[in-house]
Amino acid sequence: KMGNEVNESFQIIQSILLTFSVNNCKLFSSTSLFPDNMQIIQLFLSIVLCMISFTSGEKKTGLEYFEEGMRLANENKLDEAAMNFWESIVSHKPGFSYEVEDSFQKFLACYHHQDKLATGYAFIAAKMFQMEDEGARLYLKKAYEEDPKDKNVLELLSYMGETETSIMKIKDDVERPQGAKDRPERPHHCRTKKSCEKHFERPDYRKLEEGWENERERDYVHTKSRLKSTPNMDITITPLAKFVVAWDKWWKLVNDGEEDFLAESFKILHKYLTTESIYVDVGAFYGPTIFFSSQVAKRSFGLEPDPVSFATIEHNLIFNPGNNIYVHGIAVAAPDDAGYVQFETDKMGNGNSMIVPELTKEKEGHFEAAGFTLPFLFALWGIDFQESPVLIKISVESYECKLLPSFYEWLIHENTKKLTILVTFNPHIKRCTKTEMEGVLDTCKLFSHVLCNDFDKPLPITAKTTFAEFEEILENQSCFTEGGKHHILLTGDF
């Protein structure tokens with residue numbers, strides 16, 4: 001008599017077990033997860049799971065779990081891979097060749113790849129709640145923010161005794177730089193298009209926070225005043241790249257042909273920009289590529305957090321108005337760093353400002369600027385690379401090692417056919433770590449073509465490329481030699 005009900009209930013139970021991997025004999029006390037007359041089936045399955053846990057043989061080491069997770073991920077068995085990455089987290093021991101953070105990111109990536117990030121966060125919340133860890137509520141909030149209609153998230157919400165109202169009152173446990181504690185919270189850190197767009201229901205979130213603390217604000221004002229009395233000069237790099245700017249010794253080097261790296265950037269921009277393109281310059285410095293793109297592209301955005309460099313761009317815009325050009329004195333940051341970002345520099349306005357997690361005071365200058373994730377800015381400005389071709393140029397003085405891998409969480413949900421990213425790597429400043437380079441590879445795999453040095457021939461990188469193969473490819477192409485800067489181009493349309 002219960003045949004149909006059993007079959008239906010088994011499907012429900014199976015779905016829950018895939019979502020919340022049960023690794024011990026504890027039961028969910030919430031009967032709302034099952035039909036009222038299915039308690040016997042619930043008990044039976046729990047006993048079976050208990051028996052399996054006692055007869056499953058010798059427990060793997062954390063490293064074995066991690067390696068198994070990598071193998072399963074390469075085979076696209078993402079649910080199984082996620083469980084192995086999770087076990088590698090809880091089984092980690094000092095001296096293992098992988099980091100807990102690496103396992104954690106790969107665990108979440110398994111859910112990202114299936115567009116089930118809410119499920120991943122809910123899994124973490126359930127595990128932490130089981131351990132009576134206060135962090136469970138924060139991950140439940142993340143799950144709810146990611147997908148407030150997800151059935152499993154709503155079930156867990158009820159099971160943990162929370163409501164939709166109470167969960168949204170939880171404050172994110174994000175450290176803020178000293179001196180920024182009294183500033184209003186802003187959604188700088190959202191990671192995906194969907195999670196960013198929901199913020200714009202509030203009008204005050206549609207305004208970017210710009211500006212600097214008092215001393216750096218004076219640098220900005222002083223630079224603007226100084227440039228008013230500075231003579232202009234003509235700049236010619238290519239037939240299209242002609243500008244009028246306030247005289248500066250750096251621009252003189254450009255005019256004299258001593259900035260070969262910049263000329264290479266213009267060649268790439270000239271190839272990929274069209275009249276339908278949207279161009280975003282992350283780390284715009286004095287604005288050379290912005291002034292170029294504004295002569296071609298439909299819209300151009302320049303982002304430069306250094307107050308002296310930003311004042312210089314604003315001043316030179318007077319002579320190079322271009323088409324729909326917008327500049328902002330802000331930074332682009334990875335989600336974990338977004339908020340109020342610390343920078344260090346040898347000298348304000350010299351183009352080497354670096355994001356640092358905390359001030360080392362090894363350099364002469366330092367300042368703080370608002371930092372936003374790129375998905376947030378794209379959602380704010382209505383940039384959709386499903387509709388229009390988009391070219392992003394990134395030059396952020398070694399922070400690219402962290403920034404580019406952070407795009408994976410965003411781009412795994414998107415079609416990158418109309419997206420091109422030109423990123424400058426700076427191994428002469430700081431080499432990327434092995435974990436960061438693994439993240440770079442993950443992001444590269446989301447694009448049809450990856451190019452380096454020879455921009456007429458894509459690198460042989462596919463979805464199945466291993467990290468060892470990736471390292472060999474880069475070495476053969478001299479992509480990351482320590483001699484200077486290197487362009488890497490990721491594109492969906494070669």
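Because the structure is a prediction, the values reported are computed rather than measured.
Below 30°, between 30° and 60°, or above 60°: for F301 and H328 the angle between ring planes is below 30°, a parallel geometry. Aromatic ring orientation, F372 versus F376: parallel (interplanar angle below 30°, classes split at 30° and 60°). The aromatic rings of F104 and Y139 sit perpendicular to each other, their planes meeting at more than 60°, with 30° as the lower class boundary. Aromatic ring pairs are classed by plane angle as parallel below 30°, tilted from 30° to 60° and perpendicular above 60°; the pair W251 and F291 is parallel.
Between Y279 and T289, the closest side-chain pair of non-hydrogen atoms falls below 4.5 Å. Between E304 and Y286 there is no side-chain heavy-atom pair separated by less than 4.5 Å. Here the side chains of F407 and L446 are not in contact, with every heavy-atom distance at 4.5 Å or above. In this structure, the side chains of Y408 and Q105 stay at 4.5 Å or more apart for every pair of heavy atoms. Side-chain contact between Y121 and K141 is absent, with no heavy-atom pair separated by less than 4.5 Å. Residues D79 and Q114 meet the side-chain proximity criterion, which asks for heavy atoms closer than 4.5 Å. The shortest side-chain heavy-atom distance between I473 and V450 does not fall under the 4.5 Å cut-off. Contact check for F425 versus H487: no side-chain heavy atoms found under the 4.5 Å cut-off.
Formation of a donor-acceptor pair under 3.5 Å by the T443 side chain with backbone atoms of L404 is found in this model. In terms of modelled atom types and a separation under 3.5 Å, the side chain of T223 and the main chain of D219 share a donor-acceptor contact. No side-chain donor-acceptor contact under 3.5 Å links K142 to the backbone of A125. Judged by distance alone, with hydrogens and angles left aside, the side-chain atoms of N316 form no donor-acceptor pair with the main-chain N or O of V245 at under 3.5 Å.
For residues 407-443, the pairs satisfying disulfide (SG to SG under 2.5 Å) are C401-C432, with sequence neighbours left out. For residues 380-390, the pairs satisfying salt bridge (Lys or Arg N to Asp or Glu O under 4.0 Å) are K193-D384, with sequence neighbours left out. Annotation: salt bridge (Lys or Arg N to Asp or Glu O under 4.0 Å) contacts involving residues 65-76, sequence neighbours excluded, comprise E68-R71, R71-E75, E75-K77. Under the salt bridge (Lys or Arg N to Asp or Glu O under 4.0 Å) criterion, the residue pairs touching residues 392-410 are R191-E409, D281-K393, D337-K402, with sequence neighbours excluded.
Considering OG of S388 and NZ of K298, their distance stands at 3.5 Å, rounded to 0.5 Å. Note that OG of S293 is 12.5 Å distant from CZ of R299, once rounded to the nearest 0.5 Å. Of the inter-residue distances, the one linking H222 atom NE2 with R216 atom CZ reads 12.5 Å to the nearest 0.5 angstrom. Put simply, CG on L489 and OG on S265 are 10.5 Å apart, with the number rounded to the nearest 0.5 Å. A distance of 12.0 Å separates CD1 in I290 from CD in Q295, rounded to the nearest 0.5 Å. Taken to the nearest 0.5 Å, the NZ atom of K434 stands 5.5 Å off from the CZ atom of F467.
A centroid separation of less than 6.0 Å is found between the aromatic rings of W410 and F378.
In this structure, E472 places its CD atom where only 12 or fewer heavy-atom neighbours from other residues, nucleotides or ligands lie under 6.0 Å away.
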Show me the side-chain donor-acceptor pairs of residues 305-315 shorter than 3.5 Å, one per line, residues at least two apart or across chains.
{"from": "D306", "atom 1": "OD1", "to": "V308", "atom 2": "N", "distance (Å)": "2.9"}
{"from": "D306", "atom 1": "OD1", "to": "S309", "atom 2": "N", "distance (Å)": "3.2"}
{"from": "D306", "atom 1": "OD1", "to": "G349", "atom 2": "N", "distance (Å)": "3.3"}
{"from": "D306", "atom 1": "OD2", "to": "G349", "atom 2": "N", "distance (Å)": "2.9"}
{"from": "D306", "atom 1": "OD2", "to": "S353", "atom 2": "OG", "distance (Å)": "3.0"}
{"from": "T312", "atom 1": "OG1", "to": "V308", "atom 2": "O", "distance (Å)": "2.9"}
{"from": "E314", "atom 1": "OE1", "to": "Y220", "atom 2": "OH", "distance (Å)": "2.4"}
{"from": "E314", "atom 1": "OE1", "to": "K224", "atom 2": "NZ", "distance (Å)": "3.2"}
{"from": "H315", "atom 1": "NE2", "to": "L227", "atom 2": "O", "distance (Å)": "3.3"}

Determine, step by step, whether W381 and Y326 satisfy the side-chain contact (heavy atoms from CB on, under 4.5 Å) criterion, reporting the C-alpha distance in whole Å, the side-chain angles of both residues, the deciding distance to 0.1 Å, and the verdict.
-> CA-CA 11 Å; W381 296 329; Y326 311 89; over 6 Å; no
Test side-chain contact (heavy atoms from CB on, under 4.5 Å) on M70 and K106 and set out the steps.
-> CA-CA 9 Å; M70 293 296 292; K106 292 186 184 304; 3.6 Å; yes
Report the C-alpha distance between L441 and I461 in whole Å, list the side-chain angles of each, state the deciding distance to 0.1 Å, and finish with yes or no for side-chain contact (heavy atoms from CB on, under 4.5 Å).
-> CA-CA 9 Å; L441 173 59; I461 295 173; 4.2 Å; yes
I would like to know whether L269 and L422 meet side-chain contact (heavy atoms from CB on, under 4.5 Å); could you show each step before the answer?
-> CA-CA 9 Å; L269 266 58; L422 174 62; 3.9 Å; yes
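With sequence neighbours excluded, the residues forming a ring pair (Phe, Tyr, Trp, His ring centres under 6.0 Å) with F85 are F66, listed by chain and number.
Closest non-hydrogen pair, A333 versus V341, comes out as CB-CG2, 4.3 Å. Contact detail for V153 and A143: the closest heavy-atom pair is CG2-CB, 4.0 Å. Here the closest heavy-atom approach between residue A338 and residue T373 is recorded as CB-CG2, 4.2 Å. Listed here is the closest heavy atom pair of M348 and T345: SD-CG2, 3.6 Å. V440 and P405 get closest at one heavy-atom pair: N-CG, 3.7 Å. Nearest heavy atom pair, residue F447 against residue L419, reads CE2-O, 3.6 Å.
Residue L451 forms a side chain to side chain contact (heavy atoms under 4.5 Å, CB included) with just one option from L459, I488, T491, and that option is T491.
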